[in-house]
Amino acid sequence: MAEAVIEVVLGNLNSLVQKELGLFLGFDQDLERLASVFTTIKATLADAEEQQFSSRSIKDWLQKLKEAAYILDDILDECAYEALRLEYQGVKLCPSNKVKCSGLSTFHPKRTVFRYKIAKKMKRICERLEEIADERTKFHLAEMVPERRSGVIEWRQTSSFISEPHVYGREEDRDKLIDFLVHDASHDENLSVYPIIGLGGLGKTTLSQLIFNHERVRKHFEPRVWICVSEDFGLRRMTKAIIEAVSGHACEDLDLDPLQRKLQDLLQNKRYLLVLDDVWDDDPESWERLKSVLVCGALGASVLVTTRLTKVAAIMGTVPPHELSNLSDNDCWRLFKHRAFVADEVELEELVVVGKEIVKKCGGVPLAAKVLGGLLRFKREVREWLKVKESNIWGLTHNIMPALRLSYLNLPIHLKQCFAYCAIFPKDERIEKQYLVELWMTNGFISSDGKLDAEDVGDGIWNELYWRSFFQDIEKDEFGEVESFKMHDLVYDLAQFVAEEVCCITNDDDIHALFERKRIHHLSDYGWEFHPAQLHQVKSLRTYLGKNVQLSPDVVKCYSLRLLQFKPRKELLSAIGDLKHLRLAIQVGARVTFSNGVLKKTLMKKTVQLRGKGG
């Protein structure tokens, strides 16, 4: 997520440079220093983003970097505000660093004071960012953006051998897929491709292993080929891997053309089954090039694909994908129980009661049930089980995290920040799509790309996150447009992990811990006892969504606010005019608008109307 913050700040920085505001305000050299620092830091961010999952010190370093970047963003935003204010007064900047104005001097006392203060702030943040940049050296981060990996890293490798002897709740899925492969696909003259899609940890690979080794499949297909794809879908690598799997021998290092001819010779007129496990490549051309070699098989030749990405399923599939659902609580409990208790052990009733509560934390994800059950296998004290029940899964074990963090790490930079921001909603909340897109826009996460307006860009980002299995349980309106959706509990926990500065208050216990945290930037209050007068203590706040409280005018002390939602209160309307960075105010049960360019205090505020959010 730090990458996304840096990208936004760099964009704002370049905008100031182009307008020559640095020259006018007296810190053009600081802008050059900042651009250099960010270039240096940016080269290490991809490595740092990945290592934060296993290193608390690197995660803290990224938090410090984001904090400094946010402060710089406030400074740049203040400069942009000043430029608009000057423009409103008739002052215009010229490329020669001179000022044209109507009866106003560039050396006006107020303007001189502003230039002095902003230059001082810029100098301080430059020094702070240089300190952070120097600190990165102790982590030995790779100073390059890693390209797509070749091959498959060891812990992600899979094989056709059944790794889970006890599988629960997948009998119906198994039989449906086998029936298609053995019956429906056997009469199809074209190559049949059946995708299985679902969240990481749902058991796509396990299900494919069951199918691959089932007696009906073994008798129907020859040969059967299993390829663990992962991120490397290179045509040469895939061709060579399939040749080796079919022949059972290592393949010599040939050019692509003889490799493809050799593969076709091996598959020619064969009713083969090819399993492509864990596919991430969503480039249609990559699949088309491989598919052109595979179409040589006999009637009924088939490909089974597992992926987390709906887009991959749409590209590769010849039939609608099989969406793997969450396990039922009962099946999840059976899996958990198999891991947690030794065979023939007498199950203590107290542990069973707590265990069934723990299973609910798993959200129907087999991997979570398996790992948590294994964690408790040799623990028989009720207090030990209660501790697991009351803890965040991500803090209990690192064995679940790799399966889901891949989905996050494979996100493009601009999607990471939008995903993490979803932690501002309570767990299991039904989220309105349009409302979320407005929040992204207001915080500057998305903007017009020149071809599409910001709202259309936001729709595209939402769709991309949905296609990547981050969102689920969608509800549509009468025209087929998505109105709302939910996030799986484990996906929500992932969002919270990568965005510690996003906080959602749901009960009184959270409130006291809140004011001990220095890096809260986005806060939603779904509780009833939060005292609004305390809000100004969170000076770095950029979003506040308050549905159940009446804010104090002291909210103006939250200098960095971009977005504010509050219950109606007349005296607050005038107070929030002093918030220079505020873009959008949502009055619960009503609406608040700001007029651009009419009042000096509201020059930077965007006119947006949202009806009755939360009211």
Side-chain angles (χ1 to χ4, degrees), residues 1-13 15 62-63 65-78 80-81 411-425 429 431-449 452-462 464-465 470 487 495-496 498-504 519-525 535 538-547 555 558-566 576 579-586 592 594 596 604-610 613-614:
M1 185 173 148
E3 291 174 286
V5 176
I6 296 298
E7 286 289 331
V8 170
V9 174
L10 271 174
N12 294 337
L13 192 65
S15 178
L62 284 172
Q63 292 287 0
L65 174 60
K66 284 187 283 187
E67 180 72 17
Y70 277 131
I71 292 172
L72 174 59
D73 192 44
D74 281 348
I75 297 171
L76 298 178
D77 200 50
E78 197 170 348
Y81 173 87
L411 286 176
I413 291 175
H414 63 288
L415 264 67
K416 287 181 178 178
Q417 191 170 30
C418 292
F419 163 68
Y421 189 79
C422 295
I424 201 167
F425 298 100
E429 171 92 343
I431 304 168
E432 293 180 41
K433 175 189 171 185
Q434 187 58 39
Y435 181 40
L436 176 62
V437 171
E438 288 286 357
L439 299 185
W440 287 341
M441 289 166 54
T442 304
N443 276 284
F445 300 161
I446 55 177
S447 57
S448 172
D449 61 2
L452 299 173
D453 61 29
E455 190 170 340
D456 290 333
V457 172
D459 283 339
I461 286 176
W462 186 93
E464 186 75 16
L465 289 169
F470 285 98
M487 297 173 70
Q496 282 197 317
V498 298
E500 286 191 343
E501 74 272 20
V502 176
C503 186
C504 176
R519 297 169 181 162
I520 295 295
H521 296 293
H522 308 285
L523 172 66
S524 59
D525 176 18
L535 189 63
V538 192
K539 297 185 184 300
S540 59
L541 205 60
R542 298 165 81 89
T543 299
Y544 178 70
L545 306 180
K547 296 192 174 185
V555 71
C558 295
Y559 172 80
S560 300
L561 269 174
R562 263 73 171 165
L563 191 156
L564 178 64
Q565 178 174 301
F566 57 96
I576 61 177
L579 292 168
K580 288 184 178 181
H581 304 290
L582 193 66
R583 300 292 197 278
L584 172 63
I586 306 170
V592 179
F594 294 103
N596 293 331
M604 292 288 289
K605 299 173 179 62
K606 177 183 176 184
T607 303
V608 180
Q609 297 182 351
L610 292 178
K613 291 292 176 189

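Position 1 is the first residue of the sequence; numbering continues from there.
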Output for pair (Leu439 CG, Glu432 CD), nearest 0.5 Å, gives 10.0 Å
Donor + acceptor pair across side chains of Ser524, Tyr544 (<3.5 Å):
no
For Arg583 and Met441: C-alpha separation, side-chain torsions, deciding distance, then whether side chain to side chain contact (heavy atoms under 4.5 Å, CB included) applies.
CA-CA 10 Å; Arg583 300 292 197 278; Met441 289 166 54; over 6 Å; no
Rounding to 0.5 Å, atoms CG (Asp453) and OG (Ser447) come to a distance of 11.0 Å
Using every non-hydrogen atom in the two residues, find where Leu436 and Cys422 come nearest and quote the distance to one decimal.
CD2-SG, 3.9 Å
Restricting to side-chain hydrogen bond (donor to acceptor under 3.5 Å, both in side chains), what partner residues turn up for Asp73, sequence neighbours left out?
Asn12, Arg542, Arg562
Output all residues satisfying side-chain hydrogen bond (donor to acceptor under 3.5 Å, both in side chains) with Gln63, sequence neighbours left out; order by chain, then residue number.
none
Contact between Lys433 and Asp459 at the side-chain level, heavy atoms closer than 4.5 Å - yes or no?
yes
With sequence neighbours excluded, what pairs up with Ile461 under the side chain to side chain contact (heavy atoms under 4.5 Å, CB included) test?
His414, Leu415, Cys418, Trp440, Ile446, Val457, Leu465
Once rounded to the nearest 0.5 Å, what's the spacing between atom NE2 of His521 and atom OH of Tyr70?
5.5 Å
Residues which pass salt bridge (charged side-chain N to carboxylate O under 4.0 Å, His left out) with Glu78, listed by chain and number, not counting sequence neighbours:
Lys121, Lys580
Atom OG1 in Thr543, atom CG in Asn443: separation rounded to 0.5 Å?
3.5 Å
Please report the interatomic distance OG(Ser540) to CD1(Ile520), rounded to the nearest 0.5 Å.
7.0 Å
Interatomic spacing from CD1 in Ile424 to CG in Leu523 - rounded to 0.5 Å:
7.0 Å
Side chain to side chain contact (heavy atoms under 4.5 Å, CB included) between Leu582 and Leu564, worked out
CA-CA 8 Å; Leu582 193 66; Leu564 178 64; 4.0 Å; yes
Looking only at side chains, do Asp74 and Tyr559 share a donor and an acceptor under 3.5 Å apart?
no
According to side chain to side chain contact (heavy atoms under 4.5 Å, CB included), who are the partners of Ala495, at least two apart in sequence or on a separate chain?
Phe419, Ala423, Met487
What residues form a ring-ring contact (aromatic ring centres under 6.0 Å, His included) with Phe425, not counting sequence neighbours?
none
